Amino acid sequence: MERLRGMYDVLPSEVWIWQRMEKIVSQVFQSYSFQEIRFPVVEETALFTTAIGEATDVVEKEMFSFQSRSGLPISLRPEGTAGCVRAVIQNDLCNRGTIQKLWYQGPIFRYERPQKGRNRQFTQYGAEIFNVSSPQADAELILMSARLWKKIGLPNITLEINSLGTGQARLEYREVLITYFKSHIDQLDKDALSRLETNPLRILDSKNPKMQEIVQNAPVLSDYLDEESMDHFEQLKSILDECGIKYVVNQKLVRGLDYYSRTVFEWITSDLGSQGTICGGGRYDSLVELQGGKPTPAVGFAMGLDRIIELIKDLNLWQPDNQVDAYMVIDKEIHMKHINKISEKIRSALPNLNLLINQNPSSFKAQFKKADKLSADFAIIIGEHEIKNESITLKSLNDKDFGQKEMKFDEFVNTLNQYK
RNA sequence: GCGGCCGUAGUUCAGUUGGUAGAGCCCAGGAUUGUGAUUCCUGUUGUCGCGGGUUCGAGCCCCGUCGGCCGCCCCA
């Protein structure tokens, strides 16, 4: 039996990266007063098709969809926002305009062709703000993500932002675009033709060199933005300027989910090949209503932990902590019952000490070698001598001045307490 | 979903015109009677991704399949 395609195991040798990352992210989110919310990995398929949009790639070909035993079409979540919004509505978290700042974390599933930085199961951390329509919320999310990158130590990442305007402005622009592309229909490639009716905005994203000219000369979205959206965008930019966040306005940044309006943004790295986006998000002021809730402005982002961890590994940004604080070196002649008794006593007195006991004792030399390999700070030596004296010998493996001392239990505990 | 490259011990790889497999690292033990580097010695592991075909004979050739990587598409 083998792992399914696009899935992966996180092995003990690298799980520390995940754990440290989880700690950092949740700590930063909490420092902005976001609260964690947890919701299912499986939802009705209809939730995703209405939220994300029928004509998107995610819905058209990337969902893990199947039927429940009752025949209901259900899907593994291909993104987090739809489920989060569903939970907010169903539990009435936003009644009477309550501001909610929520974060979530967990596995996301998309049936795509795997590649570096792209798996079929991957982990997203997301943050959403409900009931704040001002660009203050958009800005806070961007500032919070910027703080995260700094804390993680990510180099070479850039922020791209754009405004899609209100739904209505977008509709208007859409018509203009369709008219424009139809007048150049002979120059469109296959991909563009199929998008012409479903999602013409994404034709602008085409990387086909033959399409560049027609794309370059296409009408620009910003010319069709409504007054309010333009003002919203300008305010956002001025906050970012004031806080020293650098960004690039990318007029062609559209994003593949239909629910976005006004602000959209992406954080991009050049160190991961063609999978450059490590975090993306935007405003979705009409989604809550679309899902059956009261009109509620909202904005959020999601970041791909897998890609960020890939970066940390590739660029060697982090170093692991010692897995073992102390390694117990044992004379193999001693009965294990003495060893267990002593080690249990140590664990009660020093609960934070990571103590590894050699359960297959060989020569002292081999055991010290092992302790050294694990880069333990201390060796705890139990031999016949120590058993007879009811003592413990403690040896520092990285402090020569400390050397090696035989001591009674209380002194031993006090000594290690100073260290840990 | 489309195009290209690849798949040999835990890992990185070698394997010459087809004659049934090796090296480094890692791991374990040891180099005299309770001590960490380096060095030295010893040792373990492979359905050569899987299935089929060609051949007297295939890790090497052919087909299929699964998986990985790269590009496109798209996205986190």
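Predicted model, so just to flag it, every value in this text is computed and none were measured. Numbers restart at 1 for each chain; the letters A, B, ... are given by sequence-line order, proteins then strands.
Residue A:E79 is out of contact with every strand shown, counting any heavy-atom pair closer than 4.0 Å. When heavy atoms are screened at a 4.0 angstrom cut-off, A:G6 is found touching the sugar-phosphate backbone but no base atom. A:G126 comes within 4.0 angstrom of nothing in the nucleic acid, heavy atoms only.
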Spell out protein contact along nucleotides 29-36 of chain B as letters: B when the base is contacted, S when just the sugar-phosphate is, - when no protein heavy atom is under 4.0 Å; keep the 5' to 3' order. SBB--BBB
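The interatomic distance linking A:D271 (CG) with B:rA76 (P) rounds to 20 Å, in whole Å. Rounded to an integer number of Å, the gap from A:E112 CD to B:rG1 P is 12 Å. Rounded to an integer number of Å, the gap from CH2 of A:W149 to P of B:rA76 is 12 Å. In this structure, A:L272 places its CG atom 12 Å from P of B:rC69, rounding to the nearest Å. Atom-to-atom, CG of A:N119 to C1' of B:rG67 comes out at 13 Å; the value is rounded to the nearest Å. A:R120 has its CZ atom 14 Å from the C1' atom of B:rC74, to the nearest Å. Rounded to whole angstrom, the span from the CD1 atom of A:I309 across to the P atom of B:rA76 amounts to 17 Å. Protein atom CD1 of A:I203 is 14 Å distant from nucleotide atom C1' of B:rC73, rounded to whole Å.
Across all strands shown, B:rG67 pairs with B:rC6; the Watson-Crick or G-U wobble distances both stay below 3.5 Å. When both pairing distances are held under 3.5 Å, B:rA28 makes a Watson-Crick or G-U pair with B:rU42. Nucleotide B:rC72 forms a pair with B:rG1, judged by Watson-Crick or G-U wobble geometry with both contacts under 3.5 Å.
Comparing A:R255 and A:K116 by the nucleotide of RNA chain B whose heavy atom lies nearest to each, the residue mapping closer to the 5' end is A:K116. Both A:Y111 and A:R307 sit near RNA chain B, but only A:Y111 has its closest nucleotide nearer the 5' end.
Distance check on atom C1': B:rG7 versus B:rU47 gives 15 Å, rounded to whole Å. B:rU11 and B:rG4 have their P atoms separated by 29 Å, given to the nearest Å. Going from the P atom of B:rC69 to that of B:rG53 covers 32 Å, rounded to whole Å.
Applying the 4.0 Å criterion to OP1 and OP2 of B:rC2, one finds that A:R113 has every side-chain N and O outside that range. Applying the 4.0 Å criterion to OP1 and OP2 of B:rA37, one finds that A:K373 has every side-chain N and O outside that range. Distances shown here put every side-chain N or O of A:Q115 at or beyond 4.0 Å from the OP1 or OP2 atom of B:rG68.
Judged by the 6.0 Å distance and 45° axis criteria, A:K370 is not positioned over the aromatic ring of A:Y327.
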